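Below: one structure, written as structure tokens.
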Amino acid sequence: MNKKEILDKFSADPQRYYNVNLFEDQGFERKSCKTCNRYFWTLDANRDKCPDHSDDTYSFIGEPPTSKRFDYTQSWKEVESFFVKNNHTSINRYPVVCRWRDDLYFTIASIVDFQRVMGSKVTFEFPANPLVVPQTCLRFKDLENVGVTGRHFSSFCMIGQHSIPNESGYWKDECVNLDFNLLTQQFGIDKKEITFVEDVWEGGGSFGSSLEYFVRGLELGNAVFTEFQGDLSDYKTLDQRIIDMGAGLERFAWITMGTPTAYDCCFGPITEKLIQDAGIDANSSVLVPYFTEIAKNLELYDDLSQVRKNAIKSTGLSDEQINRIITPLEGIYLIIDHIRTLIFAISDGALPSNVGGGYNLRIMLRRIVSTMDRLKLKFDLDEIIDIQIDYLKNTYPELEDTRDDVKEIISIEAGRYDSSKQRMQKIVSKLDKEPSVTDLIRLYESDGVTPEYLKEMKVISEIPSTFYAKLSDLHQSKKQKEQLTLPLEGIPDTELLFYGDDPREFSAKVLKVFDNFVVLDKTGFYARGGGQEPDHGKIAECDIVDVTKHGNIVVHEIKGEIPKEGETVSCVVDSTRRDGITKNHTSTHIINTSARSV
Ligand SMILES: [Zn+2]
Ligand SMILES: [Zn+2]
């Protein structure tokens, strides 16, 4: 069963799968795109193509279709107040370090917050219904696009609108109504500008229809109706249907601001400051046509350097303009984006390292430093962090608590990179031919040589577009393989107390003991994962050395007199260590020590 088959089936019966009250009430017309035949719904009698193929695609750049102007902070305030006014609970974001999932290092979508995976089964835990959440999501597959395309970020805020249809929640009709009213009433977008495109979603054994909504070719959100399980010839309605509407907050800001790139309106005052410090002409008339071309071309070519070449050619930019304006701007956008991601990840307990999700953070830091070196930009990282946190804390006040830790860790890590350059120089001087993608991965994995450094040294002219995706896959599959073979057959899943009351003291029953490992029926100790260090504390009289998760069973490694199977033991979580600030500090000083011994 693939997406295309589901879409064909659902689009053959639009009345059942796609027609919602809003379309009837407002008089939306269903049309098939003249270029690609895709079905979409519109109020604009003249529109005959889907958003990907329309002439007005990306025409909001330089000419936003709204009378209101909302930056990132204000956009969230508008979204939040709209949904709260409409009986939603606004909840705080979940950590970007995805401790509650074995198969993910980082939170990649708002729905992940509520998913509890047990083997092949996914269940959901919603703290409220319906709800809205500003979920910071980290995605590293498109790293080479960040800073260049105008709309790719290594982290972004997904507006998550979630509902279960029951006495308090709602289903399709109400969902699409709300999204339409959010755009028209709260953001002041003309209803003729909004196009809904028929699509489907499939994953984790369930599937359903979805409606993506676009304004001027920009996909603002996607309302997914998770409704069925089974396969296409024989499927039934899920016991728990779920609305999973995810929208891009950065895009909401961008469409109202109409800036050349989304980066210009989503990071607060830091962008303008760095542009000024670097002496770039930010009001240059080339920016709007150039980035409009980039945005449009991105759909047409796979290769980013080809997209860039075409945009340069069709806007007639000279080499001098590219070197003086575009290239340094791309570098500044990259630096700001990557630092924002590091602020979230480090604040939530992850650290740059060579293992697990930590590698993504390390490579971003190295990209920041190499980019500054290559472009001869002398920025003060501490100052960038301060200005960004000052801005971000309007939406995420918790970031204030970890401000100093973020600065400390980034400064140590940047220093490590500087001191490793001599070693890299030696390795690079031995290269006798242009390295392939496989060579690049080996150079990074075994010698820590980043492709950014090779670009800076002019060993390669472009970073291959597949590099980050391949590296990311390599590390993702490692997380799945990390699970050791332990004698855990027949042991029931561990009950995780930190999803409930999160007690710092509790008693539990010993289910299994082997060597110096103990499995309990329930636990309040966090396991290691995603660059996150495990909890310490005591089980009976024993100190905890390590906590790991294997499937849904938590294994505690302890030292001291091992308790017996069947015994009830009292357990104490080391609260000082658990505390985020302390944890980051401890880890920082571990890095300090190892940095010195290199
Ligand atoms: Zn089309
Ligand atoms: Zn310290």
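The figures here come from the full heavy-atom set of this structure, side chains too, leaving out hydrogens, waters and symmetry mates. When a ligand or atom number is given, it counts from 1 through the structure's own listing order. The shown structure was predicted, so the numbers you read here are calculated from the model rather than taken from an experiment.
Protein N/O/S atoms closer than 2.8 Å to the Zn ion (ligand 1): C33 SG, C36 SG, C50 SG, H53 ND1.
Taking the six-membered ring wherever Trp is involved, the centroid distance between the rings of F187 and F70 falls below 6.0 Å.
The ring pair (Phe, Tyr, Trp, His ring centres under 6.0 Å) test with W41 is passed by exactly one of F23, F196, Y213: F23. The side chain to side chain contact (heavy atoms under 4.5 Å, CB included) test with C98 is passed by exactly one of T107, L138, D348: T107. Tested against E198 for a salt bridge (Lys or Arg N to Asp or Glu O under 4.0 Å), the candidates K9, R30, K31 yield a single pass: R30.
Under the 30°/60° scheme for interplanar angles, the aromatic rings of Y235 and F207 are found to stand perpendicular. Using a 30° and 60° split on the angle between ring planes, Y333 and F291 fall in the perpendicular class, above 60°.
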